[in-house]
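Written out below as structure tokens is the structure these notes cover.
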Amino acid sequence: MKKDLSSQIKLDRIPRRYYCPENEIEATALAREEKIDTRIFETADDGAEFIAEYFVKHINRYIDRKGKCVLALGAGASTHRVYSALIRMHKEGKVDFRNVVIFNISEFFPLNPEGPSTLARLREVFLDHIDIEDANVRTINPGVTKENMFDYCQAYEQSIQDEGGLDLALCEIGPGGSIAFNGPGSAATSQCRLVLLDEETRHGIASNYKCDVAPTTAITLGISDIADARRVVTMAWGENRASIVRKAVEEPATTNVPASLLQGHNHIKVVIDLPAAEDLTRISHPWKVTSCEWNDKLIRRAIVWLCDMTGKPILKLTNKDYNDWGLGELIALYGSAYNVNIKIFNDLQHTITGWPGGKPNADDTYRPERANPYPKRVIVFSPHPDDDVISMGGTLKRLVDQHHDVHVAYETSGNIAVGDEDMMRYFLMMDKIAPMFGVKDGYEKLSKEVHEFVNGKKAGDTDSADIREIKTMIRQAEATIACNYIGVKPQNIHFLRLPFYETGTIKKGELSQVDVDIVKRLLEDVKPHQIFVAGDLADPHGTHKVCTDAVLAAVDELKDEEWMKDCRIWMYRGAWAEWEIDHIEMAVPISPEELRFKRNSILKHQSQMENAPFLGDDDRLFWQRAEERNRGTAKLYEGLGLASYEAIEAFVEYKPVK
């Protein structure tokens, strides 16, 4: 089984010289928009290796120079790769830690003996595997109270000064650009203190520490404490950090993005992988800083940007526009603005189709989907029992109406997303109905147990197996009603209930061959001509990514089958983000009536309306997000001079890894 295939999805071909320039002159030109020394690597593992080597070099230098090295270390998930590399280098004899002093950069407060602990995590992933002296590991005293918090935090800072100050600090760029637990609003002068953790940070803690209830407060070194270190290294991996990395690295320093407050440090490095770098100028808009290696996608991105800058549709762009905005290279390549304009206009026009399953008996030369076979067997994989309608409800309806054999596969039960109030609504109704029809055996006992459990439930309590099953039934019923509304055949609705999800808690298991085999069996039974799969990998709870990895792993194991060779895989987004226009390969227009139909199909999932517990940091409900994103995509097409639609659902084709 191949794991983590979703991380190998490459939508762009990024020339190596953009992120790994050959000399200092080129590096200076490429990074001229960046206010921090930023190192970009192809993978997170490559970046972690660089950081580990950097630390080994400077640990040895400081020990040689003054007999010891003082570190401040974070325990965020992004740092774990670095610690793995440091452990390996330690075992290879490249560094020892006997003369190293380590300060824990932050710790949860109050520290519950059975709850998460950053020091416990640091020991687990790093300290227990090296030769550091216990006396040289300094952390927040779990006995500190709110009454003596101020004095204690000052004393913790003083203990750092007593060691001669920090030589190296290591932490990740967290949600909102946080550094350690210094969230948005933290001042550059902030010191060690007690802080309140925001909801996005707590969601990340619950996932990373595999706990049901994340702490609400923590003690952290302040921005000024970290900035006082002689050298600072911070990192970020993955596309969900791309936007905040750009703000931290390229925009003016602001307390709204704490990582940006390190811009004035003389020896700071931000280390990122390519997905986290995708919003930086040299990656997203390289024509601003260098001569480009032009391909179709980069040209499309440049023209869309130029249209935005000039306020013109594509076909009205002139030679002067190209020259004024630094895109004269394209004129030299294509001879005139008209030639570039018509090429990109046609490219974008050809992404639009009202036939997402392919139009039968039509010339499909310039259509995103092939005409034959018709009708097609289609599987829509939905991580949760509503992602199908949220992300591609209009396209799903179109596929059904155009007589394709459409299957919907719900990969997880989604039961932890059903609130107790939504479940009790059904019990309050059944408590009245059951006596009317003489339904007593078993039901009264179950109802009593459920009422007692809910009334006595405390934060963090795991639902009983019976309650989890009832919540699963609620979500399955809602999904079935939505499918019936769309017109999916009852026998084509599949509830896979992948085992990795079925823990009853926010903590999930690891993806296993058992999960992949369940997906494989469905694929082998249906032998689809089309697969739709979630490409929205930035969801805060991580379920989309695991579900997509399960499908891609199954596809990888079946890719040599003849029927699989004739299958196209389309990735959708919608709940958490939308595809950028330069990546879109199929755009399905949605009429006002179809958009209302899509909204109604989302509303069939009543338990996920007002009380859905995992909305992330976006206050909009899922139907609102979907409509606004779909309308936004249509508006973008219209602004480029293409046809005007009410809304558009967008897709990108996935090609299996060879």
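For the numbers below, each heavy atom of this structure counts, side chains included, while hydrogens, waters and symmetry mates do not.
The existence of a salt bridge linking E469 and R497 is confirmed by a sub-4.0 Å separation between a basic side-chain nitrogen and an acidic carboxylate oxygen. A salt bridge between K376 and D405 is absent, with no side-chain N of the basic residue lying under 4.0 Å from a carboxylate O of the acidic one. Ion pairing between a basic and an acidic side chain is recognised when a charged N comes within 4.0 Å of a carboxylate O; E594 and K397 show no such pairing. With respect to the salt-bridge test (charged N to carboxylate O, under 4.0 angstrom), the residues R121 and E124 qualify. Taking the charged nitrogens against the carboxylate oxygens, R573 and E239 do have a contact shorter than 4.0 Å, which makes a salt bridge. With respect to the salt-bridge test (charged N to carboxylate O, under 4.0 angstrom), the residues K520 and E524 do not qualify. A salt bridge is defined here as a Lys NZ or Arg NE, NH1 or NH2 lying under 4.0 Å from an Asp or Glu carboxylate O, and K471 with D422 fails to meet this definition. Remark: K2 does not engage D549 in a salt bridge, criterion side-chain N to carboxylate O under 4.0 Å. A salt bridge is absent between R398 and D401: the closest approach of a Lys/Arg side-chain nitrogen to an acidic carboxylate oxygen does not fall below 4.0 angstrom. A salt bridge does not link R241 to E172: none of the charged side-chain nitrogens sits closer than 4.0 Å to a carboxylate oxygen.
Considering only heavy atoms from C-beta on, W623 stays 4.5 Å or farther from I390 through its side chain. Taking 4.5 Å as the limit, some side-chain heavy atom of R568 sits within range of a side-chain heavy atom of E369. For the pair V488 and V380, the minimum side-chain heavy-atom distance is 4.5 Å or more. K527 is listed as a side-chain neighbour of R377, based on a closest heavy-atom distance under 4.5 Å. Side-chain atoms of N492 and V408, non-hydrogen and from C-beta on, never get closer than 4.5 Å to each other.
Ring centers of H384 and H544: under 6.0 Å apart, within the cut-off. Outside the 6.0 Å centre-distance limit, the rings of F532 and Y572 are not counted as a close aromatic pair. Aromatic ring centres of H404 and Y374 lie closer together than 6.0 Å.
Rounded to the nearest 0.5 Å, atoms OG1 (T217) and NZ (K146) are 6.5 Å apart. Taking OG1 from T480 and CD from E478, the interatomic distance works out to 10.0 Å, rounded to the nearest 0.5 Å. Once rounded to the nearest 0.5 Å, the distance linking CZ of F651 with CH2 of W570 reads 9.0 Å.
Annotation for M429: atom CE counts as buried by contact number, over 12 foreign heavy atoms lying within 6.0 Å. Within a 6.0 Å radius of CD in E593, other residues, nucleotides and ligands contribute more than 12 heavy atoms.
In terms of heavy atoms, Q402 sits closest to P356 at OE1-CD, 3.7 Å. Nearest heavy atom pair, residue T118 against residue F181, reads CG2-CE1, 4.5 Å. When all heavy atoms are compared, the tightest approach of F453 to S464 is CZ-N, 4.0 Å.
Side chains of T633 and N630: a donor-acceptor N/O pair is absent below 3.5 angstrom, by distance only. With 3.5 Å as the limit, one finds a donor-acceptor pair spanning the side chains of S117 and E107.
At distances below 3.5 Å, at least one donor-acceptor pair connects side-chain atoms of E649 with backbone N or O atoms of G394.
Taking the six-membered ring where the residue is Trp, F427 and Y443 present parallel rings, their angle staying beneath 30° rather than reaching 60°.
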